[in-house]
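All figures in this text were calculated on a predicted structure; none of them were measured in a lab.
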Amino acid sequence: MFLVIIVQLMNLQLFSSKYRELAFNNAVYPKVKYPDRGIIYDRKGKAILNNTIMFDLEVTPSQIRSVDTGYLCRLLGIDTAEFRKRVITAIVKNGRYRPSIFEDLLPPLVHARLEENIFKFPGFALVERPVRTYPFNAAAHIMGYIGEADSNNIKSSSGFYRLGDYVGKTGLESFYEKVLMGKRGVEYMIKDNKNRLVGNYENGKFDTAAVAGRNLRTYIDIELQQLAEKLMAGKVGAAVAIEPKTGGILAMVSGPNFDPNMLTGPEKQENFNNLFRDVSSPLLNRAIKGQYPPGSTFKPLGALVALDEGIITPSFGIGCGGAYHGCARPVKCTHSNPGHAANLRLAIANSCNSYFTHIYRLSVDADKFGGVKNGYQQWKKYMNAFDLGVRVGVDLPSEDRGNIPDSSVYNRVYRNTWSSCTNLTLGIGQDMMTATPLQLANSMCIIANKGYYFTPHFVEKIDNETAEDTIMNRYRVKHAPLTGISDEAYEAVISGMQDVVEIGTARMAQIPGVNVCAKTGTAENYKIIDGKRTKLKDNSMFVCFAPRENPKIAIAVVVENAGYGGTWAGPIAALMMEKYLNDTLRPERVKEVERVAGTDLMPGWIIREQFKADSTRAVNWFRMTKDSSVLKRFMHRDQRVDTTRKKPAPLPKPETRTTLFRPEAILPDKPSIQSKTV
């Protein structure tokens, strides 16, 4: 027995570290020092995403002893059941001996009260937390937000992250997480017998300093971003502005928008839930996820394909009497006057549907391809080279690819029997084709640069960039999808786009002393409402770049449910262009900003769909809890009106089409200068 005791004493004294660790944990508190995340700057050096300090309350379950639970609950505004639930959750997720977040981002008053009394709560500690702040209240969809690491983050990082760490969830915060995050530090503090921190352990010999994350320098013009957000207020859609020579994104707005400060601070979860439940989807970045038929804004690209394939020359023209009759289904135009499609430049200036439908068919039916299916696949390769139907590769997560259907899709839908007449409206940006606003803006860069582009991106450089920062390499590669087109051919396309501004449907985009090139468009807009495919008011589309001689900005704007391209999308793009190029707006244009910003174009169906979603949640809550308090406000019909809107637009009458895959060309209501937006 004495031998066993001696051996065990030797084991405990010389080999085992269990009790040493327990004694250390009882006497020493490892205070985690969270690093400041990197700051994000705009192109002029303004900090558009910065840091401030708040405090978290951490708990180490194994150290909880004789805590006045009732007093702590009163300070935090919770009950004892919630207290027990949080402690159990901490044990399950992180173990008894590791600190976990008990309540994060304490309001200043709660923090002050806890700081005075923290010694009364053994096992609990206050930890500084750098919190994001947005000085300009802008760029929510670009910046993204951070949140506490969840089990997926911890697992995918092989344990690098732990509970209590914050990680980028969306936007640049997520994409550049490894750059922005920095490195945790730890400060070992001695505790007395009353659990009070009384000094540094071993004079800080074992402490490690937190290393701040590195900063990002972006192309964003925050003043332009703020203007674009103001103009898109009360609208559904998106606007994207790019610097053609570099691919740097100057501004990106998705509407409806929200204040990014809503997703930081103690009320972030409640605000997130409210945004998530909003059927207008303010959390959705429509600039990279909204998929829209480009309509007539696609026509310059269709011309470039035909030019590169040698199908047409800039002098190629057709005689159009107001419609294209090459297939059984006529495609209407907005002009019937002789000569309006006598060459490529005139066809673009007059937005001739017949011309671009015809050159699409010539492109895919060319004899050298040996059949329309091969010709269509070649046409699709061009679209993919333009970054249509594929992800552009922007430095944001969750980008959508749009849709350029493969020939197999048409084979399946039309049972392997189809021709260029089947999808002839691809030539005017319709049929199954969809593109994101980012893709449309990038297409303008290709034209502005006469054949090349850089992958659109926000970040120009990383502070203290090294060769290991390979994340930036992809954005410094020059892409040239079109190599066989002469400058003369590009000049024909660009001249046609300049004519659109000077004598056509985009005259609202004129800027004194600046040659602007643009293309308006109108795209059909459908939504499933009450189980039926319903035709709503058309989407307003607009693309442009300027100045013609030395392009500095390219823009794409989409406003849903807003009609002609020159009515709403055009004015928004024009104001953004003038502000960026001149760094100011003329006095009369300031009034135009107020007019556009003050116009509410939110679709009327949103009110109805919001009521349906909220009432459905209320019913489900009642079924689970038998609590009818939430359900009561939906019981009376007069309470269905959203009081935040003065005159909610009526729900449009359902109008179903006879075919999903072969929509007719959009017809103008009456001949006018605006009708050329088709």
Side-chain angles (χ1 to χ4, degrees), residues 134 137-147 168-175 225 228-241 249 251-264 268-294 391-403 434-442 456 458 523 525-529 536 539-541 556-562 568-569 572 600-614 616-617 642 644:
Y134 306 82
N137 302 326
H141 293 99
I142 301 172
M143 298 297 109
Y145 67 94
I146 60 175
K169 296 291 187 179
T170 61
L172 296 179
E173 292 274 29
S174 173
F175 194 88
Q225 178 73 24
E229 292 188 10
K230 182 175 182 178
L231 294 170
M232 287 296 295
K235 301 167 186 68
V236 178
V240 180
I249 300 176
M252 177 183 284
V253 179
S254 177
N257 200 4
F258 62 95
D259 183 345
N261 287 297
M262 294 175 66
L263 298 184
T264 187
K268 69 180 188 305
Q269 190 59 53
E270 180 182 354
N271 291 335
F272 179 86
N273 292 339
N274 291 335
L275 291 169
F276 183 78
R277 288 192 292 260
D278 190 335
V279 298
S280 66
S281 303
L283 292 172
L284 177 69
N285 187 353
R286 289 175 169 85
I288 61 172
K289 296 189 76 65
Q291 299 191 35
Y292 303 96
R391 293 183 179 88
V392 170
V394 65
D395 46 353
L396 291 177
S398 304
E399 179 195 0
D400 279 359
R401 64 179 72 239
N403 185 45
T434 61
T436 66
L438 175 63
Q439 291 172 330
L440 295 178
N442 189 45
F458 290 96
N525 181 19
Y526 291 90
K527 182 174 178 62
I528 303 299
I529 298 178
L536 305 176
N539 292 335
S540 178
M541 318 285 291
V557 178
V558 178
V559 183
E560 295 184 29
N561 208 60
W568 292 109
I572 291 171
D600 189 342
L601 299 176
M602 296 295 286
W605 58 263
I606 288 178
I607 297 172
R608 175 191 175 102
E609 293 299 311
Q610 189 68 62
F611 176 86
K612 289 166 60 177
D614 290 344
T616 300
R617 277 191 292 268
D642 185 346
T644 63

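- In this structure, Ile146 and Gly168 approach most closely via the heavy-atom pair CG2-CA, 3.9 Å.
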Requested in this report: Please lay out, stage by stage, how Val394 and Phe175 fare under the test side-chain contact (heavy atoms from CB on, under 4.5 Å).
Outcome: CA-CA 10 Å; Val394 65; Phe175 194 88; over 6 Å; no
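- Put simply, CG on Leu396 and CG on Leu438 are 8.5 Å apart, with the number rounded to the nearest 0.5 Å.
- At distances below 3.5 Å, not a single donor-acceptor pair connects side-chain atoms of His141 with backbone N or O atoms of Phe258.
- Side-chain atoms of Arg391 come within 3.5 Å of backbone atoms of Glu399 as a donor-acceptor pair (strictly under, hydrogens ignored).
- The CD atom of Gln291 sits 8.0 Å away from the CD atom of Gln439 when rounded to the nearest 0.5 Å.
- For the atom pair CH2 (Trp605) and NZ (Lys527), the distance works out to 4.0 Å, reported to the nearest 0.5 Å.
- The heavy-atom pair separating Leu263 from Lys268 by the smallest distance is C-CB, 3.6 Å.
- Considering every non-hydrogen atom in both Pro397 and Gly171, the closest pair reads CD-O, 3.4 Å.
- Of the inter-residue distances, the one linking Met232 atom CE with Leu601 atom CG reads 9.0 Å to the nearest 0.5 angstrom.
- Using a distance-only test at 3.5 Å, with no hydrogens or angles considered, no donor-acceptor pair links the side chain of Asn257 to the main chain of Glu229.
- Closest approach of Thr436 and Gly402 over heavy atoms only: CG2-N, 4.5 Å.
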Report task. List the steps, then state whether side-chain contact (heavy atoms from CB on, under 4.5 Å) holds for Leu283 with Thr170. Result -> CA-CA 10 Å; Leu283 292 172; Thr170 61; over 6 Å; no
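- Residues Pro293 and Ala523 approach most closely at O-CB, 3.1 Å, considering heavy atoms.
- At distances below 3.5 Å, at least one donor-acceptor pair connects side-chain atoms of Asn261 with backbone N or O atoms of Tyr134.
- The closest donor-acceptor contact from the side chain of Asn539 to the backbone of Asn561 lies under 3.5 Å.
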Query - Verdict with reasoning, Ile249 to Ile142, per side-chain contact (heavy atoms from CB on, under 4.5 Å) - result: CA-CA 10 Å; Ile249 300 176; Ile142 301 172; 5.9 Å; no
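- Nearest heavy-atom pair, Gln225 versus Ala139, reported as atom, atom and distance to 0.1 Å: NE2-CA, 3.8 Å.
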Report task. Apply side-chain contact (heavy atoms from CB on, under 4.5 Å) to the pair Ile572 and Lys235, showing each step before the final yes or no. Result -> CA-CA 11 Å; Ile572 291 171; Lys235 301 167 186 68; 4.2 Å; yes
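- A distance of 9.5 Å separates CD in Gln610 from CZ in Arg277, rounded to the nearest 0.5 Å.
- The closest side-chain heavy-atom distance from Met252 to Pro437 is not below 4.5 Å.
- Distance check: Thr264 OG1 to Tyr145 OH gives 12.0 Å after rounding to the nearest 0.5 Å.
- A donor-acceptor pair shorter than 3.5 Å cannot be found between the side chains of Glu270 and Asn274.
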